[in-house]
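Taking it in order: structure first as structure tokens, then the write-up.
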Amino acid sequence: MIQLSSIAQRRLLQFRRNRRGYYSTWVFLVLFLFCSFAELIANDKPIMVDYNGSFYFPIVKSYPETAFGGEFETQADYRDPVVKKLIDDKGWMLWPPVHYSYQTINYNLDVPAPAPPTLENLLGTDDQGRDVLARLIYGFRISILFGLILTILGSIVGVMVGAAGGYFAGLFDLLSQRFMEIWSGMPVLFLLIIMSSIITPGFFTLLGLTLLFSWMSLVDVVRAEFLKARNLDYIRAAKALGVSTPTIIFKHALPNAMVATISMMPFVLTGSVTTLTGLDFLGFGLPPGSPSLGELLSQGRNNLQAPWLGITAFLSLAIILSLLTFIGEAVRDAFDPRKIFKG
């Protein structure tokens, strides 16, 4: 069992005292865990098929229609009534709760797409006949994963630059600050749009492009902490004793700077999710057809006669950003020394 230090226990207690942030954390974790298994929740392929005494797992392996007594060598369409009957005659299928994937088109709509919510499509369909609930589940996962990876990588770069500038100061700090002033003054959104137009958009290419500008959010905070720490007595003593510079930075100065860094990371994550949503909304984000909250928001704008699209996009974004903001407030309170040692 891990034994927490007294200050860590106080921080955890202070975090739990913020009920709104504490419960928001649990709600966010449940939603993220739920959407992490999107293939098991929303899929146009069954999880498992029992046919003629043999078990098949279509969500992990493709099977031809001939494997179930069909006539075609192509991949089986398990939503096809003929394939359904072939399997049901000699076995059964275990389906996910939602029988649609993010790119599955419902060709059996009673009305032209976008279709309103029904028992089959709980949140309706978009203008291409794709299930909105399935796209929301997959889009939530992509948005949060993108935001988490961008936040972690951006924080690493920002902490390194801020730590180097604050600890070494002098010419390096002067040059890094002038570079940041120039870099931060660029029209980030326009540059991302231009680069996305030149480079084929994809998850990792888009991640790399946004990382070019997202690392600056933590530099000033870390730099200020290192400028303060470099003149403290224990840092001077370590230098006098001949302790190496990397040891002083990572073992002695960085832990103090990480307090402010961790307090800001939930808000950085909120900004990362918003960045991807904005690019997808403008059509310069993920490749066409990818599940995205921004694409769903764009669908609501382009189909005002289908209010369920705009309402779903708005509520999903409002819930995600609100949860992350509440979590950030709770983390900030947990690392606030005035509240930790109060009473």
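Quick note: residue numbers are just sequence positions, from 1. What you see is a predicted model, and the numbers here were worked out from it, not measured in a lab.
In this structure, the side chains of P114 and D127 come closer than 4.5 Å at one or more pairs of heavy atoms. For the pair W92/M48, a side-chain contact is recorded, criterion being any heavy-atom separation below 4.5 Å from C-beta on. The closest side-chain heavy-atom distance from K45 to Q75 is below 4.5 Å. Residues F28 and I144 are in side-chain contact: their nearest non-hydrogen atoms beyond the backbone lie under 4.5 Å apart. Taking the side chain as every heavy atom from C-beta outward, T125 and Y100 never approach each other to under 4.5 Å. Between D280 and S298 the shortest side-chain heavy-atom distance does not fall below 4.5 Å. Side-chain contact between H99 and Y78 is absent, with no heavy-atom pair separated by less than 4.5 Å. Put simply, the side chain of L145 reaches to within 4.5 Å of the side chain of F32, judged on heavy atoms.
For the residue pair T104/S101, the side-chain donor-acceptor check at 3.5 Å is not satisfied. There is a side-chain donor-acceptor pair under 3.5 Å between Q299 and E295. Side-chain contact of N121 with N106: a donor-acceptor pair under 3.5 Å is present, judged by distance alone.
Across every non-hydrogen atom of A42 and P96, the tightest pair is N-CB, 4.2 Å. In terms of heavy-atom proximity, A253 sits nearest to F226 at CB-CE2, 3.4 Å. Nearest approach of A229 to I235, heavy atoms of both residues: O-CG1, 3.1 Å. Taking every heavy atom of both residues into account, F15 and A330 meet most closely at CE1-CB, 3.4 Å. Residue E71 comes nearest to T66 through the heavy atom pair C-CG2, 4.0 Å, listed as atom of the first residue, atom of the second, then distance. For the residue pair G166 and R230, the shortest heavy atom distance occurs at O-CD, 3.0 Å.
At most 12 non-hydrogen atoms from other residues, nucleotides or ligands lie less than 6.0 angstrom from NZ of K228. By the neighbour-count criterion of 12 heavy atoms within 6.0 Å, atom CG of D233 is sparsely surrounded, having that number or fewer from other residues, nucleotides or ligands. Within 6.0 Å of the CZ atom in F314, the count of heavy atoms belonging to other residues, nucleotides or ligands does not exceed 12. Within 6.0 Å of CZ on R16 lie no more than 12 heavy atoms contributed by other residues, nucleotides or ligands. The environment of E181 atom CD is dense: over 12 non-hydrogen atoms of other residues, nucleotides or ligands sit within 6.0 angstrom.
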Chi angles and distances behind the side chain to side chain contact (heavy atoms under 4.5 Å, CB included) call for R17, Y22:
CA-CA 8 Å; R17 283 178 178 173; Y22 177 72; over 6 Å; no

Begin from the C-alpha positions of F37 and L33 and carry the test side chain to side chain contact (heavy atoms under 4.5 Å, CB included) through to its verdict.
CA-CA 7 Å; F37 299 94; L33 184 63; 3.7 Å; yes

Given side chain to side chain contact (heavy atoms under 4.5 Å, CB included), test L254 with M160 step by step and report yes or no.
CA-CA 10 Å; L254 186 59; M160 291 175 60; over 6 Å; no

Under the side chain to side chain contact (heavy atoms under 4.5 Å, CB included) rule, what do F34 and I137 come out as? Steps first, then yes or no, please.
CA-CA 9 Å; F34 176 81; I137 294 173; 4.2 Å; yes

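L133 and W95 fall into different hydrophobic clusters, where Ile, Leu, Val, Met, Phe, Trp and Tyr are joined by side-chain heavy atoms under 4.5 Å apart, directly or via other members. No single ILVMFWY cluster, assembled from side-chain heavy atoms under 4.5 Å apart, contains both I311 and L309. A continuous path of ILVMFWY side-chain contacts below 4.5 Å connects V219 to F250, so both sit in one hydrophobic cluster. In this structure, L296 is not a member of the same hydrophobic cluster as I105, with clusters built from ILVMFWY side-chain heavy atoms closer than 4.5 Å. One hydrophobic cluster, built from ILVMFWY side chains closer than 4.5 Å, cannot hold both L304 and W308; they sit in different ones.
Look at D131 and R135 and you find no salt bridge, because none of the NZ, NE, NH1 or NH2 atoms lies under 4.0 Å from a carboxylate O. Taking 4.0 Å as the cut-off between side-chain N and carboxylate O, R130 and D126 count as a salt-bridged pair.
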List the atom pairs, with distances to 0.1 Å, where a side-chain N or O of residues 265-278 and a protein N or O form a donor-acceptor pair under 3.5 Å, not counting sequence neighbours.
residue : atom : partner : partner atom : Å
T270    : OG1  : P266    : O            : 3.0
S272    : OG   : T151    : OG1          : 3.4
S272    : OG   : V268    : O            : 3.0
T274    : OG1  : T270    : O            : 2.8
T275    : OG1  : G271    : O            : 2.8
T277    : OG1  : V273    : O            : 2.8

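Here the CG atom belonging to L293 is positioned 8.5 Å from the CG atom belonging to L297, to the nearest 0.5 angstrom. A distance of 6.5 Å separates CD1 of I59 from CG of N43, quoted to the nearest 0.5 Å. The CG atom of D110 sits 8.0 Å away from atom OG1 of T118, with the distance rounded to the nearest 0.5 Å. For the atom pair CD of E65 and CD1 of I87, the computed distance is 9.0 Å after rounding to the nearest 0.5 Å. Atom CZ of residue F326 and atom CZ of residue R20 lie 4.5 Å apart, to the nearest 0.5 angstrom. Atom-to-atom distance recorded for L150:CG and S214:OG is 4.0 Å, nearest 0.5 angstrom.
Using cut-offs of 30° and 60° on the angle between ring planes, the pair F168 and F172 is perpendicular. Using bins of under 30°, 30° to 60° and over 60° for the plane-to-plane angle, the ring pair F68/Y56 lands in the perpendicular bin.
S322 contributes no side-chain N or O that, together with a main-chain N or O of I319, makes up a donor-acceptor pair within less than 3.5 Å. With hydrogens and angles ignored, the 3.5 Å screen pairs a side-chain donor or acceptor of Y63 with a backbone N or O of F57. For the pair T210 (side chain) and L207 (backbone), a donor-acceptor distance under 3.5 Å is present.
Legend: ring-ring contact (aromatic ring centres under 6.0 Å, His included) pairs involving residues 127-158, not counting sequence neighbours, sorted by first then second residue: Y102-Y138, F146-F203.
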